[in-house]
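Structure record follows, encoded as structure tokens.
Atom set for the values below is all heavy atoms of this structure, side chains included, hydrogens, waters and symmetry mates excluded. So that the names make sense, note that chain A is the first sequence line, chain B the second, and so on, each numbered from 1.
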There are 2 protein chains.
Amino acid sequence: MKNSTEAGLVEKLADPTYSRVREKLREDIVSGYFPSGKRLKIAELIDRYSVSQMPIREALQQLQGEGLIIIEPNKGAHVRQIDQGFLENMYDIRQLIEVYLTVKSIDHIQDKDVKELIQIQGKYELAAKKKDYDLCVKLNKLFHVTIYAVANNPEGSQILEKHWQLINTLRFTHGYGPDRLAEVIEEHRNIIKALDKRDVIAVEKAATAHCVAAKADLISQISRRGN
Amino acid sequence: MKNSTEAGLVEKLADPTYSRVREKLREDIVSGYFPSGKRLKIAELIDRYSVSQMPIREALQQLQGEGLIIIEPNKGAHVRQIDQGFLENMYDIRQLIEVYLTVKSIDHIQDKDVKELIQIQGKYELAAKKKDYDLCVKLNKLFHVTIYAVANNPEGSQILEKHWQLINTLRFTHGYGPDRLAEVIEEHRNIIKALDKRDVIAVEKAATAHCVAAKADLISQISRRGN
DNA sequence: GAATTCAATATTGTATACAATTTTACTCCC
DNA sequence: GGGAGTAAAATTGTATACAATATTGAATTC
């Protein structure tokens, strides 16, 4: 893991400009600097990121591939607008895959994996107590990504990663419902318990409940703010 | 539908160069002109498509977004190599979504939809009798796309479309097993019958069987040719 | 023969300028 | 006030040349 970390650092420093622009632009979308529906004009991005138009255009194409933006020929790019219909559809697919991966992780999961999940969950509970939402988002992701890695279906993981970026832009803007952090803690505990027992039915039930509740909370938050 | 077709034609003629290159390059990949793993050098693509490097680069980024190619920074692009592991993973996810969409289509399906499926199936059976594989591929896709449209979850449909492109490159190269066309006919009939009855369990069973068999046939074909 | 080093060549990435298309602003007319 | 037409301005798309990086081939060493 240490070598992997170092290799990752080397790769990052050597990234071409278009990759660095893509990362920065994604951050700016997720953080809300460029809000839902915002027109992304190349001249403005040139000013903001201090590069020429070519890496901007490359980065935009890549982010379109990730689903974060939409490019219309001859008209330019804008941040994807996520209405409730889109969110419902996305979450329906997300639930299929997330439940499948969580259940499939039983095939390969080991005690060290369960220990790791417990550790992540402990950190999540501390972060939740401190209302450190940023850290909660990161740890929630780590929790699930750890499970996906055990499940070992990159195709599924990649689709969920795309969804996660879209969901995260909404979470940044709309936040969590008042009880959501406590609910997540309970739901994660249920998932850990079921995985520890390698109980397929319980895992499926716990993962489904987690997904259903996340979807309901986000839709509730969006409706509350009158998107 | 007529207006939609005309609008499609207008859009196509007005497409920028990078869109036209993307379409042509996709065709060249799916048809096997650029086979699995092939390095896609920009200079060669410039010669082949008679455009400058910029629309080539844009098209490559878009096709990466579709999953057909892989771009490595500073090293260039190559056609995605689809090994058995990748195919298994992809089909596992594909099956989740396809079964879900087929079952969900029950919510909205009307008699005219069932009639349309029967019509498509009739054409498929004729094409199969004539061993017109190209037409079989198109009609099989139309059959499923018709169901997905009724299901009305574009997120799911788009993931399946990406999968379909990848699968199609393999089908073009490796063809079908000797009994596969007859099996597809039987499987499609079962799907139609179950949809006609709006029988959730039967639809789920028929759609699952169709997916499982398609996966098994393709993997068998690939293994046979020693890819 | 295999491994290493280095220079030449090939290829990808980027900047700049110009071409093509869309948008905006203005005027005129009903 | 709204619609139509037109020109100017803004923006996207593309070509070309050069910069940066990777690959290949040759020479040297063990």
Roughly, in whole Å, what's the span from [atom1] in [X] to [atom2] in [N]?
X	N	atom1	atom2	value
Ile71(A)	dT12(D)	CD1	C1'	11 Å
Gln61(A)	dT14(D)	CD	P	10 Å
Glu44(A)	dA10(D)	CD	C1'	11 Å
Ile46(A)	dT11(D)	CD1	P	11 Å
Arg22(B)	dG13(D)	CZ	C1'	14 Å
Ile69(B)	dT12(C)	CD1	P	11 Å
Asp15(A)	dT14(C)	CG	C1'	15 Å
His78(B)	dA22(D)	NE2	C1'	16 Å

Report the C-alpha separation of Glu72(A) and Arg39(A) in whole Å, then their side-chain angles, then the decisive distance to 0.1 Å, and conclude whether the salt bridge (Lys or Arg N to Asp or Glu O under 4.0 Å) test is met.
-> CA-CA 11 Å; Glu72(A) 290 180 73; Arg39(A) 177 82 183 276; over 6 Å; no
Taking five pairs at each terminus, the helix from dG1(C)-dC30(D) to dC30(C)-dG1(D) shows an axis bend, to 10°, of 30°
| message | For Arg171(A) and Asp134(A): C-alpha separation, side-chain torsions, deciding distance, then whether salt bridge (Lys or Arg N to Asp or Glu O under 4.0 Å) applies. | response | CA-CA 10 Å; Arg171(A) 284 295 186 202; Asp134(A) 275 4; over 6 Å; no
Heavy-atom nearest nucleotide on DNA chain D taken for Gly76(A) and for Lys75(B); more 5' hit belongs to Gly76(A)
Using OP1 and OP2 only, check whether a side-chain N or O of [X] sits under 4.0 Å from [N].
X	N	answer
Arg39(B)	dA22(D)	no
Thr17(B)	dG13(D)	no
Tyr18(A)	dT14(C)	no

Would you call Glu23(B) and Arg20(B) a salt bridge, taking side-chain N to carboxylate O under 4.0 Å as the test?
no
- Query: Base, sugar-phosphate, or nothing for Leu40(B), non-hydrogen atoms under 4.0 angstrom?
  - Reply: sugar-phosphate
Between Glu66(A) and the options Lys162(A), Arg80(A), Arg26(A), the salt bridge (Lys or Arg N to Asp or Glu O under 4.0 Å) test singles out Arg26(A)
The correct set of residues in residues 49-57 of chain B placing a heavy atom under 4.0 Å from DNA chain D is Ser52(B), Gln53(B), Met54(B), Pro55(B)
Side-chain donor-acceptor pair under 3.5 Å between [X] and [Y], yes or no?
X	Y	answer
Asp217(B)	Tyr176(B)	no
His188(B)	Asn140(B)	yes
Tyr49(A)	Asp28(A)	yes
Gln62(B)	Glu58(B)	no

- Carefully, step by step, assess Glu98(B) and His163(B) under the rule side chain to side chain donor-acceptor pair (under 3.5 Å). CA-CA 11 Å; Glu98(B) 180 152 337; His163(B) 290 167; over 6 Å; no
